Amino acid sequence: MTRTEKTPDARRFRVAPEVSTEVVGERVSSTGVLLFSAALFAVVLAVVLGAGLLVAGRVTLGVVVAAAVAALLAIGCCHIAQQWERVVVLRLGRFSRVSGPGLFWTIPVIEANAMRVDMRTRVTTFYAEETLTADLVPMNVDAVLFWHVWDAHAACTEVGDFTHAVEMAAQTALRDAIGRASAAEVAIRREQLDRELKRVLEEKVAPWGVTILSVEVRDILLPKELQEAMSLEAQAEQRKKARIILMEAEHDIYEILDEMEGLIGDHEAVARLRTMHLLNESLREGKGTVVIPSAFAEGFNEGVGDLLKG
């Protein structure tokens, strides 16, 4: 789950990840664990009181205190981990084991639960804001990181806050990747940028017991002036390709006309055929008016001239 903060400038954005991967409505209920602890407390309390009654013949204050202490110690050393959780247990400050999922026990006072680690896939949104490319163009890039913890021991003992460390490593890798490429390369080669970020992050976070599943660039924002320039460049490139294709077509047509001239033996007839073809294309597209001179128009002009002389 992420939180987005927008500034007055629509091109600026800031995205920060949240530590929890659970969303409201999907969080696990702790009612079962509380009921189990209460039942365990009652059972231990009853057993100790029963044992004291059998030994002393009556329930004294000391027996009640001993039963209460035993019950508290029982629920203090009994723990339950969810299916997706792993619990790092330390014994006198040293790593002992990784427990879970399910029910597990610890030795009171001597052992302690250092960290509960969520082993499910996590989603972290990170960004690079106004980062300069190799050709000194400021860019805003927004990306998503999919990752999970595979070694709870390393995540607990090798790094202080692995969630924050992964976020900072992803942001740094994104800025470095943008700084090594030009603006056009970043905007066009998005899949290559994803692969490069994944490779760099895998090497960085592997000692922390974290695995990078995938990195996906969601949005790339360029300055408006650069967007207009790149649009003009793309339009010019398309016009160039269109003209090249047109010239290739004309070349093929003239080769065919040359073959027809060899068959017909009349150059003027082939030229008139080409003229008729161009005229047909112009009329079919309907983009202009074709004026064809005729002998009738010439005769009309000669008659007007004779009248004026008279």
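Being a predicted model, the structure only gives us computed values, none of them experimental.
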d(H79 NE2, F36 CZ) to nearest 0.5 Å is 11.0 Å
With the 4.5 Å side-chain cut-off for hydrophobic clustering, are V63 and F41 part of the same group? yes
hydrophobic_cluster_shared for V87 and W208, side chain cutoff 4.5 Å: no
With a 4.5 Å cut-off on side-chain heavy-atom distances among I, L, V, M, F, W and Y, is there a chain of contacts connecting F104 to W84? no
Consider only side-chain heavy atoms of I, L, V, M, F, W and Y, link residues closer than 4.5 Å, and tell whether L49 and V65 are in one cluster. no
If I take atom CG from residue L53 and atom OG1 from residue T60, how far apart are they, to the nearest 0.5 angstrom? 10.0 Å
Return the minimal non-hydrogen interatomic distance between E111 and S96, and the atom names on each side. OE2-OG, 4.0 Å
Do you know the tightest heavy-atom contact between V159 and A165? CG2-CB, 3.8 Å
Quick check: do P101 and R86 have side-chain heavy atoms less than 4.5 Å from each other? yes
Show, in sequence, the C-alpha distance, side-chain angles and deciding distance for R199 and R195, and conclude whether the side chain to side chain contact (heavy atoms under 4.5 Å, CB included) test is met. CA-CA 6 Å; R199 177 181 57 81; R195 292 192 297 268; over 6 Å; no
Transitive ILVMFWY side-chain link V88 to V210, under 4.5 Å: no
Check for a donor-acceptor pair, side chain of D135 on one end and backbone N or O of A183 on the other, with a separation under 3.5 Å. yes
Side chain to side chain, V215 and F126, heavy atoms closer than 4.5 Å: yes
Looking at every non-hydrogen atom in both residues, tell me the closest pair between R97 and W105 and how far apart they are. NH2-O, 2.7 Å
Are the side chains of T125 and R218 in contact, using a 4.5 Å heavy-atom criterion? yes
To check you understand the geometry: which heavy-atom pair defines the closest contact between T163 and R122, and what is its length? OG1-NH1, 3.4 Å
Atom pair OG1/CZ of T157 and R94 - distance to nearest 0.5 Å: 13.0 Å
Please round to the nearest 0.5 Å and tell me the distance separating atom CG of L145 and atom CD of Q171. 12.0 Å
Passes side chain to side chain contact (heavy atoms under 4.5 Å, CB included), Y127 versus V141? Steps please. CA-CA 6 Å; Y127 64 94; V141 180; over 6 Å; no
Value for CD (Q83) from CZ (R120), rounded to nearest 0.5 Å, stands at 11.0 Å
Scanning both residues in full, the closest heavy-atom pair of L132 with P138 reads CD2-N, 3.9 Å
With side chain to side chain contact (heavy atoms under 4.5 Å, CB included) as the test, would you mind laying out the steps for R190 and I220 before giving the verdict? CA-CA 9 Å; R190 181 174 298 189; I220 299 177; 3.8 Å; yes
Smallest separation among heavy atoms of M139 and V186, with atom names: CE-CG1, 3.6 Å
For the residue pair F162 and W147, categorise the inter-ring angle as parallel (less than 30°), tilted (30 to 60°) or perpendicular (more than 60°). perpendicular
Show your working on side chain to side chain contact (heavy atoms under 4.5 Å, CB included) between L72 and I75 and close with a plain yes or no. CA-CA 5 Å; L72 290 175; I75 62 175; 4.1 Å; yes
Any sub-3.5 Å donor-acceptor pair from E129's side-chain atoms to N140's backbone N or O? no
Look at the side chain of D194 and the backbone N and O of S214, then say whether any donor-acceptor pair between them is shorter than 3.5 Å. no
Only one of L213, I212, V117, D118 passes side-chain contact (heavy atoms from CB on, under 4.5 Å) with H148, and that residue is L213
Can you tell me how far apart NZ (K204) and CG (L197) are? Round to the nearest 0.5 Å. 13.0 Å
